[in-house]
> 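Structure provided below as structure tokens; questions to follow.
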Amino acid sequence: MPLVVGGIFSVALVALLVLFKVQSGTQINGQPVANIRCDAGEQLAVHYHAHIDLIYRGSPVTIPAQTGITGSCFYWMHTHQTTGIIHIEAPKDSANRQFTTGDFFAVWNQPLTSRRVATFTLGKGDQVKVWVDGKPYTGDPAKVVLRSHTQVVIEVGPPFVDPPPAFNWTDPTVVQEAGSGG
């Protein structure tokens with residue numbers, strides 16, 4: 001019995017350490033990142049939302065609230081809450097730009113490659129699986145283009161959650177954060 005309790009405690013401690021490490025991800029302090037400026041106010045000429053889920057070994061990982069928001073400016077890609085909703089709010093001269101998962105991870109100051117996802121370095125037997133709008137994506141995980149209501153799931157495993165959970169854009173709490181239009 002003591003071994004079981006000790007094992008459960010150890011797993012819980014590791015999970016908390018992983019969560020803390022991801023939550024405390026550093027971000028660039030106001031300097032342009034991936035040609036994305038940090039402006040004094042939110043830019044609304046280009047305004048839509050995408051969603052990113054991170055899953056590590058079958059468990060959801062929270063993207064921190066306020067990623068891309070400093071005390072004095074907003075990056076064109078940012079979060080407000082821990083919902084995984086990415087706010088893409090850019091000036092008119094960026095209307096034709098295709099913002100990507102790699103751009104968001106750069107603003108978050110976290111890596112996104114086939115060998116590293118945020119604070120997770122893949123070891124022997126590990127893989128990254130990416131799903132875009134419910135379909136498997138086999139390209140570079142940093143090159144996924146984020147359009148209005150794009151749903152991206154990035155999994156590090158095994159184990160994997162196949163298929164990954166769908167995001168409900170009509171949920172009242174989501175509508176409250178992102179609105180109903182885009």
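All values derive from a computational prediction rather than experimental measurement.
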> Are side-chain N/O atoms of Gln98 and Asp103 paired as donor and acceptor at under 3.5 Å?
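Absent: no donor and acceptor within the cut-off.
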
> So, do Asp133 and Thr150 sit near enough that their side-chain heavy atoms are less than 4.5 Å apart?
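Counting from C-beta outward, Asp133 and Thr150 do come under 4.5 Å.
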
> Taking side chain as C-beta onward, heavy atoms only, is Gln127 less than 4.5 Å from Ser114?
no

> Does Val153 reach the side chain of Ile52, with side-chain heavy atoms less than 4.5 Å apart?
no

> Same cluster or not: are Trp131 and Val152 linked, directly or through other Ile, Leu, Val, Met, Phe, Trp or Tyr residues, by side-chain heavy atoms under 4.5 angstrom apart?
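Unlinked, Trp131 and Val152 end up in two clusters.
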
> So if I apply the side chain to side chain contact (heavy atoms under 4.5 Å, CB included) rule between Val174 and each of Thr83, Ile85, Asn168, which one comes out positive?
Ile85

> Salt bridge or not for Asp126 and Arg115, using N-O below 4.0 Å?
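Salt bridge flag = no for Arg115 with Asp126.
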
> Quick one: does His87's side chain get under 4.5 Å of Glu177's, heavy atoms only?
yes

> To check you understand the geometry: which heavy-atom pair defines the closest contact between Glu155 and Val161, and what is its length?
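Nearest pair, atom of Glu155 first, then Val161: OE1-N, 2.6 Å.
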
> List the atom pairs, donor and acceptor, that lie under 3.5 Å between side-chain atoms in residues 135-143 and the rest of the protein, sequence neighbours left out.
unit_1	atom_1	unit_2	atom_2	d
Tyr137	OH	Asp140	O	3.4
Asp140	OD1	Ala142	N	2.9

> Side-chain contact test, heavy atoms from C-beta onward, threshold under 4.5 Å: evaluate it for Asp39 versus Phe74 and give yes or no.
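Asp39 vs Phe74: side chains apart.
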
> Calculate, to the nearest 0.5 Å, the distance between atoms CG and CZ belonging to Leu122 and Arg116 respectively.
10.0 Å

> Please check if Trp76 and Val144 belong to a single hydrophobic cluster, counting links between Ile, Leu, Val, Met, Phe, Trp and Tyr side chain heavy atoms closer than 4.5 Å.
yes

> Treating Ile, Leu, Val, Met, Phe, Trp and Tyr as nodes and any side-chain heavy-atom pair under 4.5 angstrom as an edge, say whether Val128 and Tyr56 lie in one connected cluster.
yes

> Drop me the distance from Phe104's CZ to Met77's CE, to the nearest 0.5 angstrom.
7.0 Å

> With rounding to the nearest 0.5 Å, note down the distance linking NZ in Lys129 to CD1 in Ile55.
11.5 Å

> Rounded to the nearest 0.5 Å, how far does SG of Cys73 lie from CD of Gln31?
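The CD atom of Gln31 sits 9.0 Å away from the SG atom of Cys73.
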
> Does any non-hydrogen side-chain atom of Arg97 lie less than 4.5 Å from one of Asn35?
yes

> For a quick test of reading the model, state the closest non-hydrogen atom pair linking Lys92 to Ala45 and the distance between them.
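In terms of heavy atoms, the two residues are closest at N-CB, 3.3 Å.
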
> Do Ile88 and Phe167 sit in the same hydrophobic cluster, where Ile, Leu, Val, Met, Phe, Trp and Tyr count as joined when their side-chain heavy atoms come under 4.5 Å apart?
no

> Under a 3.5 Å distance rule, please check whether Thr79 uses its side chain to pair with a backbone N or O of Pro64 as donor and acceptor.
yes

> If we ignore angles and hydrogens, is there a donor and acceptor under 3.5 Å between the side chains of His47 and Glu42?
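Glu42 and His47 do not have a side-chain donor-acceptor pair below 3.5 Å.
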
> In the structure I gave you, are the side-chain heavy atoms of Phe99 and Ile86 within less than 4.5 Å of one another anywhere?
no

> Considering non-hydrogen atoms only, spot the tightest contact between Ala106 and Ala34 and give its length.
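For Ala106 and Ala34, the tightest heavy-atom pair comes out as CB-CB, 4.3 Å.
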
> Would you please test Val117 and Leu112 for side-chain contact (heavy atoms from CB on, under 4.5 Å) and show each step?
CA-CA 5 Å; Val117 175; Leu112 179 58; 4.1 Å; yes

> Check whether the side chains of Gln110 and Thr119 place a donor and an acceptor atom closer than 3.5 Å, and report yes or no.
no

> Can you tell if the side chain of Thr100 reaches within under 4.5 Å of the side chain of Leu146, non-hydrogen atoms only?
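Side chain of Thr100 against side chain of Leu146, heavy atoms only: no contact under 4.5 Å found.
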
> Please test Thr82 against Ile63 for side-chain contact (heavy atoms from CB on, under 4.5 Å), starting from the C-alpha separation and ending with a verdict.
CA-CA 6 Å; Thr82 59; Ile63 296 174; over 6 Å; no

> Are His78 and His80 close enough that their ring centres sit under 6.0 Å apart?
yes

> Does the pair Asp171 and Gln176 meet the rule for a side-chain hydrogen bond (donor to acceptor under 3.5 Å, both in side chains), with working shown?
CA-CA 9 Å; Asp171 181 277; Gln176 182 179 2; over 6 Å; no

> Which is it for Val132 and Val130 under the side-chain contact (heavy atoms from CB on, under 4.5 Å) test, yes or no, and what are the steps along the way?
CA-CA 7 Å; Val132 179; Val130 179; 4.3 Å; yes

> Measuring from atom CZ of Arg57 to atom CZ of Phe120, what distance do you get when rounded to the nearest 0.5 angstrom?
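The distance works out to 9.5 Å.
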
> Which atoms form the tightest heavy-atom contact between Phe105 and Pro111, and what is the distance?
CD2-O, 3.5 Å

> Please give me the minimum heavy-atom distance between His149 and Trp169, naming the atom from each residue.
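His149 and Trp169 have their closest heavy atoms at O-NE1, 3.4 Å.
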
> How many angstroms lie between OH in Tyr75 and OG1 in Thr70, if you round to the nearest 0.5 Å?
7.0 Å

